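Predicted model only: the values in this text are computed from it and were never measured.
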Amino acid sequence: MIADFSSRVLQQLQDKQLITPDQGVQLLQQATGLNVSVLQLIEEQRLIRTEEIAKAKSEVLNMEYIDLSGVEVKADVLKVIAEETAQNYLLAPFHREDDIVSVAFVNPEDIRANEALDFIARQERVHFKNYVASPMSVKHILRQYGNLHEEVEEALATADVTDIELGDKEIIEDEVVKTAPVSKMISVILKHAIEGVSSDVHIEPMGDETRVRYRVDGVLHTSLVIPGKVHQALVSRIKVLANLKLDETRLPQDGRFKMKFEGRDVEFRVSTLPLIENEKVVMRILDTSSSVLSLEDLGFHDYNLTRASRNLQQPHGMLLITGPTGSGKSTTLYSMLSLLNKEGINIITLEDPVEYDLPGIAQSQMKPEIGLTFSAGLRSVLRQDPDVIMVGEIRDQETADLAVHAALTGHMMLSTLHTNNAVGAIPRLIDMGIEPFLLASSLNVVVGQRLIRKICEHCKEMVELNSSQIKDIEAEIQAMPAKFLPHDVSLLPPYTVYKGMGCSRCDDGGYHGRISINEVLENTKALKKIIDDGDIGKTDIVLKEMHDQGMFTLRQDGLIKVFRGQTTFEEVWNATKE
């Protein structure tokens, strides 16, 4: 029944020309081989938007489709269906009129979900009107079951203050750490962080208060302020989860732990930092089950996509991704590895931490505390007959030496480096002790990148630039390599740019999601000579070579994305200012 339904939805998507007949045949073969639903494959491979899948389901079943993004639901409507039931069957009530309750389904063909609703209808004496919605729409409603402030306040109300306010901060009794209120507060904070697609959680002591901030799309937002008396208990609970020393409050500590969320593993990388009177905790969220995006989805287009893809086909040599912390370097590396991941290739990675699970690739987690560092791991990996090696980061001379020699001896080497731009990777490696002639022979390409926020598509409007902004834009256009300019973008005045005006779907911020801006520097014959001659520090020579090979700088690539309506002038200029 379900397989038949999936095939009918697939046919509907083909009739609407959203999926080609060849793709349909291939998907059916893959689904049969993997024993999964063809719709599951379409979603995992991100072939089309989930909204289009929901619309196709509604047409096959002759049910109404609804988009619930930004819809707020009253508490009494949510109470009709228990949260556990709604989460389990991925359905959500969103409106009630008399005894008619409107419910949105992700899987309207699910027999058990319909049986559960029939039971509730008899118990509550209501009638359900069913709609089809995308997973994003339904999850937006599901998040409204638990309000962050209300859940934390409820936990605080049940907390025993005498247990939390301990006289000796350096000794926290295990029983206090495991008290239900403290555990519940941490669970609620982490759950809302994951649901809000946060990359980091900051728990900070602020005098008599504790502030909880989430980083979303690269920007920190204060989400919660709670009494300072619970701070030490919260920190201690996190330490227990991350297997850190409870009685060590004088030195920074690092650890990690995992939790299950909606059937998938989410890892938290924990860092504690002693402050004057207390400790600050930052947790990086790593969803290892997330699907790896393509280079196009990340923001590589035209010139940059062509150059990056071409260099991935090289049989050996070094490819480096550069940028500051949080610029998406690891995500780009994973996308590149997924392109290289083929049956006849042995790929081994050395990572700290492992951020994505890549089937078919041997991934090794570094453990510096027992001596398994990048350099030590790289020495061992070279004895494992690899074709492609990925090292999470080049941090020291020994790792740099090994990486260069691996690239020179028939291996494809991918890694990251902390520099402000692509060109900066070359003097950085020379400063680490790499001989210029070895670097010139081993380096294939350097990709510099940043992450910038995307304009919210639901509140995007055209705006005018001021005279100062126009002057800055014209200077960048003048410096661009003209023969490599994309054909689909007009770089002539009057310039058309956009801005998000703010709406419920982007929390009135005007931005939703992020995209990368990139610069790709190829190691051409001319650049090799510059490196060999020791002229890499001569700005005019390097700039001429960058222009001659058709390299667009981070700011220039960002400007193209401004004209395509993907981001704003302010976002690009802020991300690329010196």
Side-chain angles (χ1 to χ4, degrees), residues 299-314 317-324 327 329 332 404 407 416-432 434-450 470-487 489-492 495 516-563 572-573 575-578:
F300 284 78
H301 295 290
D302 310 316
Y303 36 87
N304 286 342
L305 180 61
T306 301
R307 289 177 172 85
S309 301
R310 180 169 64 230
N311 280 278
L312 281 173
Q313 306 308 313
Q314 297 293 334
M318 189 157 57
L319 184 152
L320 297 175
I321 313 288
T322 70
S327 58
K329 300 186 295 296
T332 300
V404 167
T416 70
L417 202 62
H418 280 247
T419 62
N420 287 329
N421 51 41
V423 175
I426 298 171
R428 176 88 172 95
L429 288 170
I430 293 172
D431 286 344
M432 283 185 175
I434 304 300
E435 293 289 346
F437 74 93
L438 289 175
L439 185 57
S441 302
S442 61
L443 185 64
N444 288 347
V445 65
V446 185
V447 178
Q449 77 174 49
R450 295 285 190 283
I470 292 173
K471 185 178 178 181
D472 287 338
I473 286 174
E474 289 176 342
E476 288 299 330
I477 292 174
Q478 189 69 29
M480 288 181 181
K483 64 180 180 180
F484 295 102
L485 288 170
H487 300 296
V489 177
S490 172
L491 299 178
L492 298 174
Y495 303 116
S516 70
I517 53 175
N518 323 96
E519 56 184 21
V520 181
L521 178 68
E522 291 188 285
N523 194 11
T524 59
K525 288 183 179 179
L527 185 58
K528 286 179 181 179
K529 187 176 187 308
I530 291 171
I531 297 170
D532 275 334
D533 294 345
D535 291 336
I536 196 65
K538 296 181 179 178
T539 306
D540 54 341
I541 296 176
V542 174
L543 286 175
K544 182 180 183 304
E545 163 56 20
M546 289 164 57
H547 190 275
D548 289 347
Q549 67 172 254
M551 173 181 160
F552 286 75
T553 65
L554 290 169
R555 177 165 285 185
Q556 290 164 357
D557 183 49
L559 186 55
I560 297 296
K561 289 178 170 67
V562 169
F563 289 140
V572 171
W573 254 248
T576 57
K577 60 188 175 185
E578 297 297 330

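A 4.5 Å side-chain heavy-atom check between Lys329 and Pro324 finds every atom pair outside the cut-off. Put simply, the side chain of Ile531 reaches to within 4.5 Å of the side chain of Asn523, judged on heavy atoms. Contact check for Met318 versus Leu439: side-chain heavy atoms found under the 4.5 Å cut-off. In this structure the side chain of Val542 never reaches within 4.5 angstrom of the side chain of Asp535, judged on heavy atoms. Side-chain contact between Ile560 and Tyr303: present, with at least one pair of heavy atoms (C-beta onward) separated by less than 4.5 Å. With contacts defined as side-chain heavy-atom distances shorter than 4.5 Å, the pair Trp573/Val562 does not qualify. Side-chain contact between Val404 and Leu438 is present, with at least one heavy-atom pair separated by less than 4.5 Å. Within the 4.5 Å cutoff, the side chain of Leu320 has no heavy atoms near those of the Val447 side chain.
Using a distance-only test at 3.5 Å, with no hydrogens or angles considered, no donor-acceptor pair links the side chain of Glu519 to the main chain of Asp557. Put simply, the side chain of Lys561 gets close to the backbone of Gly299: a donor and an acceptor are under 3.5 Å apart. For the pair Gln314 (side chain) and Asn444 (backbone), a donor-acceptor distance under 3.5 Å is absent. Although no hydrogens or angles enter the test, the distance criterion places a donor-acceptor pair under 3.5 Å between the side chain of Asn304 and the main chain of Asn518.
When every heavy atom of Thr322 is checked against every heavy atom of Asn421, the shortest pair comes out as OG1-O, 3.4 Å.
Residues Phe552 and Phe484 keep their aromatic ring centres 6.0 Å or farther apart.
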With side-chain hydrogen bond (donor to acceptor under 3.5 Å, both in side chains) as the test, would you mind laying out the steps for Glu545 and Gln549 before giving the verdict? CA-CA 6 Å; Glu545 163 56 20; Gln549 67 172 254; 2.7 Å; yes
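No cation-pi contact links Arg307 to Phe300, judged by a cut-off of 6.0 Å to the six-membered ring centre and 45° from its axis.
Donor-acceptor pairing under 3.5 Å is recorded for the side chains of Asn311 and Glu522.
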